[in-house]
Every structure is written in C-alpha cells, then in structure tokens.
Q: 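Questions regarding the structure given below will be posed in turn.
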Amino acid sequence: ILADPPDVVLLDVMMPDLDGLAICRALRAREGTRRLPILIVTALDDRAQVVEGLSAGADDYLTKPVNGPELRARVGNLVRISSYYRLLDNQRAEALAKLEQLKDQLLKVDRLASLGTFAAGVGHELGNIATVLVASLDFIKLSIDAGRVPERKDLAHLERATQHVIQHSRAMMQLCSGRATAVQRLELAAQLL
C-alpha cells in the first residue's frame with residue numbers, strides 16, 4: 001500500500017491473523033495512508049459493528065451478502081473521493097512550491113533594498129568626507145598660492161578625512177567578505193555621563 005497506494009481499500013472485518021478493523025486503524029494512523037478511502041465489508045449485521053467500523057476510520061460499510069451494483073457504486077464514489085484528495089495534495093504541493101519561490105524572491109528583493117540603503121549611506125558618508133578633503137585642499141592651495149606654509153589645522157583635517165576613508169574602506173571590505181566581526185559591548189549609560 002505504501003509503495004503503490006490503491007484508489008480504495010476493501011477490507012473484510014473477519015480475516016485471519018489481523019481483522020479488517022485493526023488494519024483500518026493502522027492505515028489511519030500512518031501519515032501516508034491517513035486519507036486513503038476504506039470500505040469495510042462484514043457478514044455481521046449488527047449496528048454496533050457498523051459504528052465500530054466507522055469509528056475505526058472506514059469511509060463506508062457494507063454487509064454481506066454484497067450486492068454487486070451497490071458495491072461498484074460505493075467503490076466508484078470512494079474512487080472519486082480518492083481522486084479529489086490527490087488533486088488537493090497536488091494543488092497543495094504546487095502552492096507550497098510557489099510559496100517557497102515567492103519567499104526566495106522576497107528575500108532577494110529585501111537584500112537588494114538593504115544593499116540600496118547601504119549604498120546610499122556609504123555614498124552620503126563618502127560625500128561628506130570628500131567635502132572635507134576638497135575644503136582642506138583648497139585651504140592648502142590658498143596658503144601655497146599666497147607663499148605661505150600650509151596651516152597645521154588644514155593638514156590635520158586632511159589627515160583625519162583620509163583616515164576616515166581608510167576606516168570606511170576596511171569596514172566595507174570586512175562586511176562584504178562575510179567574515180564575522182568582533183562584537184563590542186557598549187555601555188550607553190557610561191557614554192552619556
């Protein structure tokens with residue numbers, strides 16, 4: 001049954017070794033056969049036996065002697081139910097696959113959005129640094145054009161801005177390399193005092 005699931009299982013209640021009700025319960029207990037349509041047939045014409053068969057998980061119940069046309073009609077109904085279950089399973093599998101595909105696309109879009117935000121931040125920071133570099137160079141040029149030695153503060157601005165570019169460059173390279181960075185604990189209360 002597990003290797004090649006049938007459309008319908010037809011069980012007799014009274015069978016040697018293992019009765020049909022026990023097999024029905026065992027099939028209902030397994031994930032792979034839980035929704036397999038089961039028709040139980042018995043020679044016993046007892047209402048309690050019918051209820052026990054349905055409680056065990058049977059989808060339908062017939063008493064012997066079985067009428068051929070009735071058996072075919074009931075099996076046909078159960079085959080239709082089985083095909084509906086397969087259709088639902090296929091649609092569920094397709095929906096889950098589509099959901100996984102959409103999740104992957106969403107992750108890619110989110111990564112691109114994060115990358116865009118990151119790039120905008122880096123661009124803004126580099127623009128600020130470039131402004132300091134240009135201003136410092138302008139002051140140095142003015143000093144040189146005037147025949148003076150450039151002022152130390154202008155050279156210090158230039159050096160700080162250059163170090164800032166180096167720090168950002170290293171941080172971006174480390175971030176892009178995927179290597180873990182050391183986590184540093186920061187006590188905000190101590191910083192505020």
Side-chain angles (χ1 to χ4, degrees), residues 1-122 171-188:
I1 287 175
L2 292 174
D4 186 19
D7 292 324
V8 176
V9 174
L10 182 61
L11 296 172
D12 195 328
V13 170
M14 298 169 71
M15 297 189 305
D17 299 324
L18 195 59
D19 68 48
L21 297 177
I23 293 173
C24 184
R25 285 187 195 97
L27 290 172
R28 289 297 182 241
R30 293 185 80 109
E31 182 62 38
T33 57
R34 190 164 288 146
R35 294 192 318 193
L36 193 60
I38 299 173
L39 174 64
I40 291 187
V41 178
T42 185
L44 305 173
D45 190 13
D46 178 11
R47 279 282 160 223
Q49 192 80 70
V50 171
V51 170
E52 185 179 357
L54 294 173
S55 296
D59 295 293
D60 206 351
Y61 203 98
L62 281 174
T63 55
K64 293 180 186 177
V66 174
N67 176 291
E70 181 182 7
L71 176 63
R72 282 189 291 281
R74 289 180 186 241
V75 167
N77 288 339
L78 291 175
V79 166
R80 274 193 298 284
I81 289 172
S82 180
S83 68
Y84 293 143
Y85 280 143
R86 277 196 298 278
L87 178 65
L88 284 174
D89 288 343
N90 289 340
Q91 289 175 341
R92 181 177 185 272
E94 288 172 10
L96 288 173
K98 184 68 173 173
L99 181 63
E100 283 302 312
Q101 202 175 38
L102 290 173
K103 281 171 43 179
D104 288 344
Q105 289 175 351
L106 184 61
L107 282 173
K108 288 176 185 173
V109 167
D110 187 49
R111 284 186 196 125
L112 286 174
S114 296
L115 184 59
T117 302
F118 177 72
V122 168
M172 284 192 312
M173 287 172 44
Q174 190 172 23
L175 182 66
C176 293
S177 73
R179 288 180 287 178
T181 57
V183 176
Q184 187 176 15
R185 184 180 176 98
L186 178 65
E187 289 290 335
L188 291 178

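Side chains included, hydrogens not; waters and symmetry mates left out as well; all remaining heavy atoms used. Along the sequence shown, the residues carry numbers beginning at 1.
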Q: Compare all side-chain heavy atoms of Q91 with those of L87 and state whether any distance is below 4.5 angstrom.
A: yes
Q: Hey, does the side chain of D59 reach the backbone of I38 with a donor-acceptor pair shorter than 3.5 angstrom?
A: yes
Q: Would a 4.5 Å heavy-atom cut-off, applied to side chains only, mark V75 and R72 as touching?
A: no
Q: Do R34 side-chain atoms and A29 backbone N/O form a donor-acceptor pair below 3.5 Å?
A: yes
Q: Counting only heavy atoms not in M15 (residues, nucleotides, ligands), do more than 12 fall under 6.0 Å from its CE?
A: yes
Q: To the nearest 0.5 Å, tell me how far L71 CG sits from L62 CG.
A: 6.0 Å
Q: Rounded to the nearest 0.5 Å, what separation is found between the CZ atom of R86 and the CG atom of L88?
A: 11.5 Å
Q: Under a 4.0 Å N-O cut-off, is there an ion pair linking D110 with K103?
A: no
Q: When rounded to the nearest 0.5 angstrom, what distance separates CG in L36 from CD1 in I81?
A: 11.5 Å
Q: Are K64 and D12 close enough that some pair of their side-chain heavy atoms sits under 4.5 Å apart?
A: yes
Q: Hey, could you give me the OH/CD distance between Y61 and E52, rounded to the nearest 0.5 Å?
A: 7.5 Å
Q: Just how far is it from atom OG1 of T33 to atom CD1 of I23, taken to the nearest 0.5 Å?
A: 11.5 Å
Q: With rounding to the nearest 0.5 angstrom, report the OG to CG distance, S82 to N77.
A: 12.5 Å
Q: Charged N to carboxylate O under 4.0 angstrom, R74 versus E70?
A: yes
Q: At their closest point, which heavy atom of L2 faces which heavy atom of P5, and how far apart are they?
A: O-CD, 4.0 Å
Q: Compare every heavy atom of A56 with every heavy atom of C24, then report the nearest pair and how far apart it is.
A: SG-O, 3.5 Å
Q: Answer yes or no: does atom CZ of R25 have more than 12 heavy-atom neighbours from other residues, nucleotides or ligands under 6.0 Å?
A: yes
Q: Count the heavy atoms belonging to other residues, nucleotides or ligands that lie under 6.0 Å from OH of Y84, then report whether that count exceeds 12.
A: no
